[in-house]
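Beneath this line is the structure, given in structure tokens, with notes to follow.
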Amino acid sequence: MKSSNQYINYFLAAFIAVASFSITACKDEPDKFELTGGIPAVKYVRLPAESAADSLLTGAYMQTTVCLVGDNLRSICELYFNDQKATLNTSYMTDHTVLVDIPGTIPSAVTDKMYMITQGKDTVAYDFQVLVPAPQVSSMSCEYAAPGSEVTIYGDYLIDDPNVPLTITLSGNVPVTEIKDITKTAVSFVLPEAAQEGYITVESIYGSGRSQFRYRDTRNILFDWDASRGGMAAGHGWRNGKVRNADPAGIDDSYLYFSGSLTAGNEWANEDDFCFNYWPEPENGYPKLSSLPEFAEMLEKYGVDNLQLKFELYVPSSAPWQAKALQVMFTSNNDVTYATANNNYYGSAELPRYVWIPWQSTGSYDTNDQWITVTMKLADFNKNVDGGKSSVSLSEDHLTGLTIFVFNGGITGTECNTAMGIDNIRVVPIE
């Protein structure tokens with residue numbers, strides 16, 4: 001018995017210690033959330049900001065944060081908008097207010113109500129409409145794809161309702177009649193033969209949205225390698241760039257072509273094979289790029305940070321890109337002109353640039369034997385030669401010349417033989 005009493009004493013001591021800890025813990029958390037009983041009652045819904053307290057809501061867009069105001073709201077165990085469950089954060093729940101994000105998934109069954117469910121499984125409904133935005137169209141697989149080819153547009157809220165099918169219309173009121181595939185964020189379709197330059201409009205049951213780009217945009221084309229789109233047909237420097245128009249066929253006739261072997265490290269690539277220069281020489285007909293009328297007008301209207309550089313790119317699957325970065329460098333007259341020809345600026349830590357390494361995450365990159373559109377915001381021309389942060393910001397002074405060169409990037413790849421086609425280099429506004 002003495003032994004048994006000893007174990008009982010140990011057990012009692014342990015129990016008292018745990019109980020004491022629990023009591024202390026409760027005292028240390030006086031505001032610990034606890035569900036209440038009873039039924040919740042919502043009086044109204046508003047935006048979270050106190051300044052908007054008088055703005056009562058009968059509906060709001062998906063992913064909007066709203067504030068439920070009422071009584072006994074800590075009795076809410078689950079909350080649904082239509083048939084979509086919201087995530088409740090007890091840190092933002094009191095007896096009289098609940099802050100919650102409206103779910104971002106489009107409801108399958110639309111009832112225009114929210115449903116509050118208690119721990120006892122009572123359900124309280126409240127009238128509230130979840131608004132779905134109109135289609136958003138942010139980009140296109142290839143802005144210069146030919147009529148009759150299949151393309152994909154990307155965005156959000158591209159909803160094909162059984163009762164109100166999604167429609168796509170090109171500039172000139174040209175309808176798309178052959179849609180291949182639709183998801184909430186992407187639609188694939190065949191470009192109609194009558195497709196022409198301009199914006200693309202997508203209409204769903206929830207409204208109409210215009211693309212943030214122009215199909216076959218001919219604004220401010222700097223280089224198109226054949227002057228067919230108003231751009232220059234060649235560079236002007238030590239490396240004017242190799243130009244070809246076949247094998248593969250160009251997206252728009254002639255194009256700049258890089259090809260050859262690349263080592264795995266950060267050694268220089270062969271300049272003759274992987275470089276293009278444009279150095280201004282106004283007195284002989286090679287103007288500063290920023291002085292071109294359309295470019296100058298855009299700079300005045302939008303500023304550097306609201307512009308973006310675009311071009312079409314082709315990397316064959318038979319010769320994937322696996323080493324070094326594509327470095328796109330606007331240059332100032334202080335960096336280089338035709339009269340001060342040099343390539344010292346390639347490795348300058350003071351020259352901001354765009355360093356693109358699309359193979360970095362997978363080790364290999366190609367465009368699946370298709371031409372695609374690449375977009376580079378001028379605000380992101382902020383890297384140095386190693387891919388680190390540049391100490392200098394891109395300014396209008398930098399926009400007199402242009403160099404595109406496969407070089408460095410600061411990471412190790414895999415030795416490869418690759419090829420790249422580049423066409424229709426343009427600078428256009430971010431829309």
Side-chain angles (χ1 to χ4, degrees), residues 140 142-146 171 195-198 213-246 248-258 274-302 304 307-314 326-333 336-338 353-354 356 367 371-378 381 394 396 398-405 420-431:
M140 185 175 183
C142 182
E143 293 178 14
Y144 265 80
S171 179
Q196 56 185 284
E197 178 182 352
F213 59 87
R214 294 185 189 182
Y215 169 65
R216 292 209 164 182
D217 196 347
T218 57
R219 293 175 297 171
N220 198 28
I221 292 186
L222 304 179
F223 301 92
D224 59 14
W225 320 111
D226 49 28
S228 63
R229 300 287 178 180
M232 296 183 222
H236 188 58
W238 283 347
R239 271 79 185 182
N240 294 341
K242 296 179 179 179
V243 178
R244 65 190 316 184
N245 56 20
I251 187 68
D252 193 33
D253 298 323
S254 299
Y255 55 91
L256 177 68
Y257 188 70
F258 292 164
F274 288 98
C275 185
F276 154 78
N277 304 131
Y278 179 82
W279 302 335
E281 189 185 19
E283 61 274 18
N284 285 315
Y286 297 94
K288 296 185 296 184
L289 295 179
S290 55
S291 72
L292 295 170
E294 204 164 14
F295 203 172
E297 184 180 341
M298 286 183 181
L299 283 167
E300 182 176 0
K301 184 175 181 179
Y302 299 100
V304 173
L307 296 175
Q308 56 193 339
L309 181 142
K310 291 189 174 188
F311 56 86
E312 275 60 58
L313 175 75
Y314 184 99
L326 185 70
Q327 305 217 6
V328 182
M329 301 170 276
F330 282 105
T331 54
S332 71
N333 284 356
V336 64
T337 65
Y338 197 76
R353 66 198 69 196
Y354 198 104
W356 193 42
T367 61
W371 285 86
I372 66 166
T373 296
V374 176
T375 300
M376 300 175 172
K377 294 180 179 179
L378 296 198
F381 279 65
L394 188 74
E396 188 173 335
H398 286 106
L399 305 179
T400 63
L402 180 68
T403 289
I404 301 178
F405 184 34
M420 304 178 194
I422 295 174
D423 201 2
N424 297 326
I425 297 176
R426 56 199 181 273
V427 175
V428 295
I430 298 171
E431 301 186 64

Next on the checklist: Can you confirm whether E300 is buried at CD, in the sense that more than 12 heavy atoms of other residues, nucleotides or ligands lie under 6.0 Å from that atom?
Outcome noted: no
Item to check | E297 atom CD, neighbour heavy-atom count above 12 within 6.0 Å | outcome: no
Judged by atom type as modelled, is there a donor-acceptor pair below 3.5 Å linking the side chain of [X] to the main-chain atoms of [Y]?
X    : Y    : result
T403 : V328 : no
Y215 : A145 : yes
S171 : E197 : yes
N240 : G237 : yes
N220 : E294 : no

Can you measure from [atom1] ([X]) to [atom2] ([Y]) and round to the nearest 0.5 angstrom?
X    : Y    : atom1 : atom2 : result
C275 : I404 : SG    : CD1   : 9.0 Å
F405 : R353 : CZ    : CZ    : 10.5 Å
N245 : D423 : CG    : CG    : 10.5 Å
N424 : L256 : CG    : CG    : 11.5 Å
K288 : S332 : NZ    : OG    : 10.5 Å
H236 : T337 : NE2   : OG1   : 9.0 Å

What closest approach, in Å, do [X] and [Y] show between heavy atoms, and which atom pair accounts for it?
X    : Y    : answer
P280 : G401 : CD-CA, 4.2 Å
A233 : A227 : CB-N, 4.1 Å
Y302 : P429 : CE1-CG, 3.4 Å
I422 : F258 : CD1-CE1, 4.3 Å
D226 : S254 : OD2-N, 3.0 Å

Checking [X] now: which residues fulfil salt bridge (Lys or Arg N to Asp or Glu O under 4.0 Å) with it, not counting sequence neighbours?
X    : value
K377 : none
D252 : R229
E143 : K310, R426

Within the 4.5 Å heavy-atom criterion, are [X] and [Y] side-chain neighbours or not?
X    : Y    : result
Q196 : R216 : no
W279 : W238 : yes
N277 : Y338 : no
V427 : F295 : yes
P287 : L292 : yes
I425 : W225 : yes
D224 : E312 : no
V428 : L307 : no

Next on the checklist: Please determine whether side-chain contact (heavy atoms from CB on, under 4.5 Å) holds for the pair H398 and T400, giving the CA-CA distance in whole Å, both sets of side-chain angles, and the decisive distance to 0.1 Å.
Outcome noted: CA-CA 6 Å; H398 286 106; T400 63; over 6 Å; no
Checklist entry - Can you name the ring-ring contact (aromatic ring centres under 6.0 Å, His included) partners of F381, sequence neighbours left out? => result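 Checked F381 against ring-ring contact (aromatic ring centres under 6.0 Å, His included); matches are F330, Y354.
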Item to check | Counterpart residues, ring-ring contact (aromatic ring centres under 6.0 Å, His included), relative to Y278 (two or more places apart) | outcome: F223
Checklist entry - Can you name the residues that form a side-chain hydrogen bond (donor to acceptor under 3.5 Å, both in side chains) with R244, not counting sequence neighbours? => result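 For R244, the residues satisfying side-chain hydrogen bond (donor to acceptor under 3.5 Å, both in side chains) (neighbours in sequence not counted) are Y257.
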Checklist entry - Ring centroid separation for W371 and F311, is it under 6.0 angstrom? => result no
Checklist entry - Any side-chain donor-acceptor pair under 3.5 Å between Q308 and T375? => result no
